[in-house]
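The block underneath contains the structure these notes are about, expressed in structure tokens.
All values below come from the heavy atoms of this structure, side chains included, with hydrogens, waters and symmetry mates left out. Just follow the structure's listing: the first ligand is 1, and inside any ligand the first atom is 1. The shown structure was predicted, so the numbers you read here are calculated from the model rather than taken from an experiment.
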Amino acid sequence: MHTTKTTLRRQAGWLATVLIAALSISATSQAAAKPTIADAQRFMQRTEKELERLLSIRERAAFVNMTYLTEDTDFFDSHFQQELMAFVGKSVKEAVRFRGLKLPATLARKFHMLRINLDLPAPSDAALRAELAQIASYLTSTYGKGKYCKTGADGRRNCRNLGQLSKVMATSRNFDELLDAWRGWRTIAPPMRKKFARYVTLANAGAKELGFKNLGDLWRSKYDMSPEAFEKETERLWKQVKPLYRDLHCYVRAQLSKHYGADKVPLDKPIPAHLLGNMWSQTWENIYPLVAPKTSERAPNVTAALLRKGLKPKQMTKIAENFFVSLGMPTLPKTFWNRSLFTKPRDREVVCHASAWTLDFKNDVRIKMCIKIDEEDLSTLHHELGHVYYYLAYRGLPVLFQTGAHDGFHEAVGDLLALSVTPDYLKAIEILQTSETGKPGLSFLLKMALEKVAFLPFGKLIDQWRWHVFEGRIKPREYNASWWRLRTTYQGIVPPVSRSESDFDPGAKYHIAANVPYTRYFLATILQFQFHRALCKAIGHKGPLHACSIYGNKIAGKRLWKMLQLGASGPWPEALHELTGQRRMDATAILSYFAPLHKWLKEQNKGQRCGW
Ligand code: X8Z
Ligand code: ZN
């Protein structure tokens with residue numbers, strides 16, 4: 001924020017370097033005559049048109065695949081993925097001939113966006129490209145179909161999917177039952193290990209052809225700054241929030257130790273990973289009842305209220321839609337309601353991991369989610385609709401700009417609204433009753449922290465691992481050991497049973513199997529509070545940040561919509577400035593949101609040996 005001009009200049013300088021790098025990839029087709037700016041414009045026009053066509057075919061194939069997993073839909077998924085990869089690869093190389101031209105800023109940005117468009121670039125060799133696309137489909141659908149099967153004492157074989165195992169993780173308080181579910185889900189991953197290693201090799205080769213050092217280098221190049229500067233930026237933000245995480249960890253460990261015994265949860269060691277209410281220990285709100293302070297108000301039981309109301313998945317979605325509409329945004333198109341997948345089908349395999357889609361870059365927006373009637377999914381529905389409204393807001397832009405200011409923005413929008421799903425708001429929409437809501441205080445904040453603060457190190461470490469894998473610093477023979485080293489260092493957790501290199505625990509997390517970059521969620525967790533603070537200020541909220549709700553506020557809605565409409569048409573600091581008046585990501589907002597809790601945690605932790 002304090003270096004506005006310098007930052008911009010630095011960014012402009014960096015963009016120039018990137019463009020030169022992009023354009024200095026060995027040219028495959030150098031035009032004889034020196035091309036003009038008009039040639040570059042025409043090239044880009046053609047490219048955008050074809051890209052939009054290929055993307056919307058690919059998205060349709062992927063949507064059908066994920067909502068109806070068969071060998072044939074896997075085939076189509078990888079087929080159209082391949083076509084897209086081939087086209088982007090070829091176009092980036094052709095763009096080399098515009099090297100040295102002084103392009104208008106928007107056009108130059110399009111060339112940059114084209115080069116960083118894919119999360120999964122492929123080698124130009126057709127056979128290798130096909131192999132990569134097939135591996136990618138295989139990994140995603142293997143994850144989607146994953147089940148833990150065992151034969152019971154009665155000789156009957158019983159299989160459970162991720163949804164069923166996650167329910168155990170969320171609700172059971174039995175050490176061994178939790179362990180069984182935790183270990184069981186991880187049996188789906190070892191078959192992925194070899195394929196994953198091959199995917200690393202092939203995707204790296206693809207990234208190199210586009211002029212990147214490796215795939216991680218490409219992923220880190222998507223933030224309008226150098227990959228090195230971006231890595232430093234994530235470190236800076238992590239350092240800001242680390243003390244808060246440490247104190248939350250310390251408090252939670254002490255409570256778990258009381259419940260399970262100090263032999264199972266020692267007070268100065270990392271926490272066994274299966275006791276935190278979540279399959280990956282990524283958010284901990286499900287163990288709220290175990291760690292709730294006895295002295296403060298009780299956070300309301302939203303899940304019980306939703307069940308009491310007898311809500312159905314579409315009605316839950318309507319609640320989330322209503323929030324966006326209350327801000328002055330449009331209702332969702334009819335096709336959204338007809339074409340989305342809201343419930344897990346009984347008769348076929350699907351990828352249940354929630355996602356949001358734009359199929360035609362215009363109005364055909366959808367979600368795919370196996371909705372459960374509970375508080376977690378009410379929050380996830382806001383998250384998914386955040387993506388959907390972003391798609392709708394920027395649908396008028398050229399396809400290359402139809403994406404988030406950066407991917408962390410895309411992940412932060414729906415979460416921003418969910419921050420305004422306060423007990424008072426739930427009372428206003430008649431989910432909670434007056435008797436269930438007092439002033440949100442420490443208990444409410446603790447529950448929020450179990451969701452948001454607990455997530456931070458997880459959000460950071462996933463790509464820490466992958467960046468090292470893509471760089472070759474982590475070799476296949478140390479995939480699992482390095483994974484657990486990071487999990488312990490960042491999160492302060494340990495596997496509850498010994499693990500070895502015949503396991504492949506990273507593959508039991510969706511985004512690793514499905515090649516979805518993850519740092520975005522770390523950034524989003526920080527950004528959503530920064531957005532929240534700015535909007536609450538704009539609407540004149542007085543009092544603590546956690547009691548603010550932007551529900552129904554058109555001023556807040558207008559301001560947000562304006563930022564969403566920018567898509568990626570300019571560098572993200574501009575979009576951030578539009579909404580917050582700041583040009584840097586800033587963790588002081590999440591820190592001040594949780595400041596009263598942090599103070600309380602420090603008091604609770606007095607006399608404890610925090611850390612691990
Ligand atoms: O994957 C998601 C969303 C879809 S973009 C449901 N999230 C991350 C996860 O589940 O691991 C949201 C928060 C983190
Ligand atoms: Zn998301």
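- Here's the thing with Q282: one of its N/O atoms is less than 3.5 angstrom from an N/O atom of ligand 1.
- No side-chain donor-acceptor contact under 3.5 Å links H353 and Y143.
- With a heavy-atom cut-off of 4.0 Å, Y518 touches ligand 1 through its side chain alone.
- E411 lies close to the Zn ion (ligand 2), since one of its N, O or S atoms is found at a distance under 2.8 Å.
- Ligand 1 has H511 within reach: a non-hydrogen atom of the residue lies less than 4.0 Å from it.
- Interface of E411 with ligand 1, defined as ligand atoms under 4.0 Å from a residue heavy atom, comprises 5 (S).
- Looking at atom 5 (S) of ligand 1, its nearest protein heavy atom turns out to be Y521 OH, 3.1 Å.
- The Zn ion (ligand 2) forms the vertex of an angle spanning NE2 of H383 and NE2 of H387; to the nearest 10 degrees it equals 100°.
- For an aromatic pair to be called close, the ring centres must be under 6.0 Å apart, and Y245 with Y490 fails this.
- Looking only at atom types and distance, the side chain of N301 has no donor-acceptor partner in the side chain of Y288 under 3.5 Å away.
- Atom CH2 of W238 sits about 6.5 Å away from atom NZ of K242, to the nearest 0.5 Å.
- We find the CD1-OH distance between I135 and Y199 to be 10.5 Å, quoted to the nearest 0.5 Å.
- A centroid separation of less than 6.0 Å is found between the aromatic rings of Y394 and Y390.
- In terms of N/O distances under 3.5 Å, ligand 1 is not approached by H383.
- For the residue pair H598 / D247, a side-chain donor-acceptor distance below 3.5 Å is found, with atom types taken as modelled.
- Every atom of ligand 1 is numbered from 1 in the order shown, and the set under 4.0 Å from a heavy atom of H387 is 5 (S).
- The cationic group of R220 lies under 6.0 Å from the six-membered ring centre of W467 and within 45° of the ring axis, placing it in a cation-pi geometry.
- Protein heavy atom nearest atom 2 (C) of ligand 1, with residue, atom name and distance: H353 NE2, 3.5 Å.
- Nearest protein heavy-atom contact of atom 6 (C) of ligand 1 is E384 OE2, 3.3 Å.
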